[in-house]
Amino acid sequence: MLRLAETLNTLLVGALESAFPEASAAARVAGAPLDPQLGPASKPEFGDFQANGALALARPLRLAPRAIASAIVAQLEADPAVAALCLPPEIAGPGFINLTLRPEVLAAEVARCLADPRLGVEAVAGGGAPVVVDFSSPNIAKEMHVGHLRSTIIGDALARVLEFRGHPVLRLNHVGDWGTQFGMLITHLKQVAPEALDTADAVDLGDLVAFYRQAKARFDSDDTFQATAREEVVKLQSGDPTSRRAWQLLCDQSRREFQRLYDRLDIRLDERGESFYNPYLEAVVADLAAAGLLVSDGGAQCVFLEGESGAASQSPPVIVRKSDGGFNYATTDLAAIRYRFAAPPGGDGARRVIYVTDAGQASHFAGVFQVARRAGWIPEDGRLEHVPFGLVQGEDGKKLKTRSGDTVRLKELLDEAVERCEADLRRRLAEEERQEDGAFIQEVATTVGLAAVKYADLSTNRITNYQFSFDRMLALSGNTAPYLLYAVVRIAGIARKGGADAAGAAFPAPLVFGEPQEWALVRQLLQFDTVILEVEQELLPNRLCSYLFELSQVFNRFYDQVPVLKAEEPARGSRLALCRLTADTLKLGLGLLGIPTLERM
């Protein structure tokens, strides 16, 4: 529908220029061309589009809005291109222009989408500069827990949409693989398990988690251990071979466990941890000093933030170098921004950098982003965006934890989702007296269980907290992954019975639609490209989830009220075409959310 909207907008601009040539010329000189303000119609009975520009133009043109609308409509009615695209325009209310696309235009657009693997969604021209999506970001020597779930799933969905649109995407995993904690871990490792330094796989991640707790307890209670750990940090940062070997061991062990979860969730990431930016930290300090932004405060090097209109901010300053000469997270994040926007070979050459982290880090990123902008590291056309998300809560509305009060491990959460899904499937098979082999049960349980976890997260506005409920997310009704996956299976079955599931299946030319339910489904299907563009710009995956859920509901009303397989031609073939396009749209949309579909459930 975007392509049609763009064509219509061009025609409207032409009508405006013809109706008011002098005002149009003056507006262009002023750098603000007359805008028809074309958008979707507010209600279906008003047509497909509504142009509201006449109201905004009333004051500059010193005319009544309806008079302006009448002049625009007169120009539209005289244009054959408009007549070929739309039914006669109608003026409503104080000066709205309602526009309805011709039925044959809509039918032709459905046929075009059917023949296009991208279903009518155009790719950006030439790909352009890379887009960095920074997401997941667990810490070395710690297990991934439910707190990593949202960043990982949201970041992956956004990366998939951006890639589908044709952007080259750098999926970066900014893991915590540097800093003070490694001093205590390496010290503890050397003292408690020295054999690990010479024997591959002597320590697994479970041991590392216990190691971390033990090392932290010693660091907090033993002054001698703490002093040795701090010395170990210096050794690590200066490149001591033994310290580096111990650090590499810890990183490798953690990385393997992380990858098991990423593989399970079908997540692709390029690891670029904090350590990658260590060589660039001194340059960050030098750049900020040269820009006159650094201020010494209690021995620390800081940048004081600005509030609105350049006034001093009440927020604490961004500490770039601590009083002991060390660096912190803010310094690393500044080095990462500087590198990501810098031109190759000394950087990524990105023009859009997206950080997917919890909302609790909003103030941190606001400060770091401001410093980066004031330092001149962000190009004029560069976009630096924080994508915040809320907490995962239990059904009691409190932060999701185990019964013992510990943070829920991500592996255990996924295991439980699959186990619950398998139990539900076996119960359903027994009720239906269906016999399926173990491979089928395992595939369906795994696919639906993991899809349910992903979709429950993505279908919620990421800015808000959401309550984690296995019962709700695994339900076969409502806005859930099982409901949508079942809709795909059902529609694919209809298409298969009608012979419309095969590649290159023949449909009537032209497609013919006459029932209101058909047109409702046609219009819903043609909104897919608009929704994808909204997600690309606004970074809200729940928009796509809402669209897919509504599409499945519109399809169900269509199929329940209009015969498909028993209809006469050309209605039968045209309705099967809608079945095919609906199934393809659901599959593609779910795929962009990182959710595979099934042939049977």
Side-chain angles (χ1 to χ4, degrees), residues 136 144-158 160 260-267 389-395 400 402 408-429 431 436 440-462 464-492 541-553 556 586-601:
S136 193
M144 289 179 70
H145 55 76
V146 70
H148 296 108
L149 178 67
R150 302 207 76 183
S151 177
T152 303
I153 290 173
I154 294 169
D156 177 62
L158 295 178
R160 287 173 185 265
R260 290 190 185 98
L261 284 168
Y262 292 140
D263 289 344
R264 191 174 183 186
L265 291 167
D266 190 24
I267 306 290
F389 54 81
L391 295 173
V392 181
Q393 299 175 328
E395 293 187 72
L400 187 64
T402 63
V408 177
R409 297 166 63 203
L410 185 51
K411 179 180 181 300
E412 292 173 350
L413 181 142
L414 299 179
D415 286 344
E416 184 171 352
V418 174
E419 288 166 6
R420 284 175 176 251
C421 193
E422 181 176 342
D424 287 347
L425 177 59
R426 289 185 181 277
R427 182 167 53 252
R428 185 159 52 85
L429 291 175
E431 291 171 356
E436 300 287 355
F440 171 85
I441 292 172
Q442 186 61 39
E443 179 191 9
V444 172
T446 301
T447 300
V448 177
L450 298 182
V453 171
K454 285 188 177 185
Y455 191 85
D457 190 314
L458 295 170
S459 61
T460 304
N461 188 321
R462 58 169 170 75
T464 63
N465 300 334
Y466 91 96
Q467 293 185 353
F468 191 97
S469 167
F470 279 118
D471 289 339
R472 281 200 300 270
M473 68 176 57
L474 292 171
L476 275 169
S477 59
N479 189 14
T480 67
Y483 172 82
L484 289 175
L485 290 172
Y486 183 74
V488 173
V489 169
R490 181 190 184 201
I491 298 167
N542 63 296
R543 295 281 180 88
L544 178 54
C545 296
S546 297
Y547 168 80
L548 296 175
F549 178 55
E550 187 175 347
L551 173 61
S552 65
Q553 291 183 306
N556 284 338
L586 289 172
K587 288 178 182 178
L588 179 53
L590 288 168
L592 293 175
L593 298 173
I595 296 174
T597 55
L598 294 161
E599 293 298 316
R600 297 191 301 128
M601 282 178 65

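For the single chain, residues carry numbers from 1 onward in sequence order. Keep in mind the model is a prediction, meaning the values are calculated, not measured.
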Mind checking whether [X] and [Y] have side chains closer than 4.5 Å, heavy atoms only?
X	Y	result
F440	R600	yes
T446	V418	yes
P596	K587	no
N465	T460	no
Y483	F549	yes
R160	L593	no
L598	V448	yes
F468	V392	yes

Practice item. List in chain and number order the residues that pass side-chain contact (heavy atoms from CB on, under 4.5 Å) with R260, two or more places apart in sequence or in another chain; answer none if no residue qualifies. Key: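 Here the qualifying residues are E257.
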Exercise for review: Check the pair V453 / L265 against side chain to side chain contact (heavy atoms under 4.5 Å, CB included), numbers first and verdict last.
Suggested key: CA-CA 10 Å; V453 171; L265 291 167; 6.0 Å; no
Does the [X] side chain pair with the main chain of [Y], one donor and one acceptor, at a distance under 3.5 Å?
X	Y	answer
S151	H148	no
S546	R543	no
R472	Q467	yes
S136	T152	no

Practice item. For Y455 and M473, run side chain to side chain contact (heavy atoms under 4.5 Å, CB included): C-alpha distance rounded to whole Å, both residues' side-chain angles, the deciding distance at 0.1 Å, then the answer. Key: CA-CA 8 Å; Y455 191 85; M473 68 176 57; over 6 Å; no
In Å, rounded to the nearest 0.5 Å, how long is the span from [atom1] of [X] to [atom2] of [Y]?
X	Y	atom1	atom2	result
K411	M144	NZ	CE	13.0 Å
D156	D266	CG	CG	7.0 Å
N479	E550	CG	CD	10.5 Å
I595	L484	CD1	CG	8.0 Å
L425	M601	CG	CE	8.0 Å
L429	D424	CG	CG	11.0 Å

Exercise for review: State whether the number of non-hydrogen atoms from other residues, nucleotides or ligands found under 6.0 Å of E599 atom CD is greater than 12.
Suggested key: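 Check fails, neighbour count at 12 or below.
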Check your understanding: Is the number of heavy atoms from other residues, nucleotides or ligands under 6.0 Å of Y486 OH greater than 12?
Key -> no
So which heavy atom on [X] is nearest to which on [Y], and how close?
X	Y	value
V444	C421	O-SG, 4.3 Å
A487	L586	CB-CD1, 4.4 Å
L485	T597	CD2-CA, 3.8 Å
P482	A475	CB-O, 3.5 Å
G449	L474	CA-CD2, 4.4 Å
N542	S459	CB-O, 3.5 Å

Exercise for review: Would you please test R428 and L476 for side chain to side chain contact (heavy atoms under 4.5 Å, CB included) and show each step?
Suggested key: CA-CA 11 Å; R428 185 159 52 85; L476 275 169; 4.1 Å; yes
Point to revise | Short N-O contact, R409 and D415, less than 4.0 angstrom | key: no
Check your understanding: Should D471 and R420 count as an ion pair when the cut-off is N to O under 4.0 Å?
Key ->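 Yes.
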Review point. Yes or no on side chain to side chain contact (heavy atoms under 4.5 Å, CB included) for E422 and I441, after CA distance, side-chain angles and deciding distance?
Key: CA-CA 7 Å; E422 181 176 342; I441 292 172; 3.8 Å; yes
Practice item. Given side chain to side chain donor-acceptor pair (under 3.5 Å), test E443 with T447 step by step and report yes or no. Key: CA-CA 6 Å; E443 179 191 9; T447 300; 5.1 Å; no
**Study point:** Pairing residues for Y262 by the ring pair (Phe, Tyr, Trp, His ring centres under 6.0 Å) criterion, not counting sequence neighbours
**Key:**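 Ring pair (Phe, Tyr, Trp, His ring centres under 6.0 Å) list for Y262, sorted by chain: empty.
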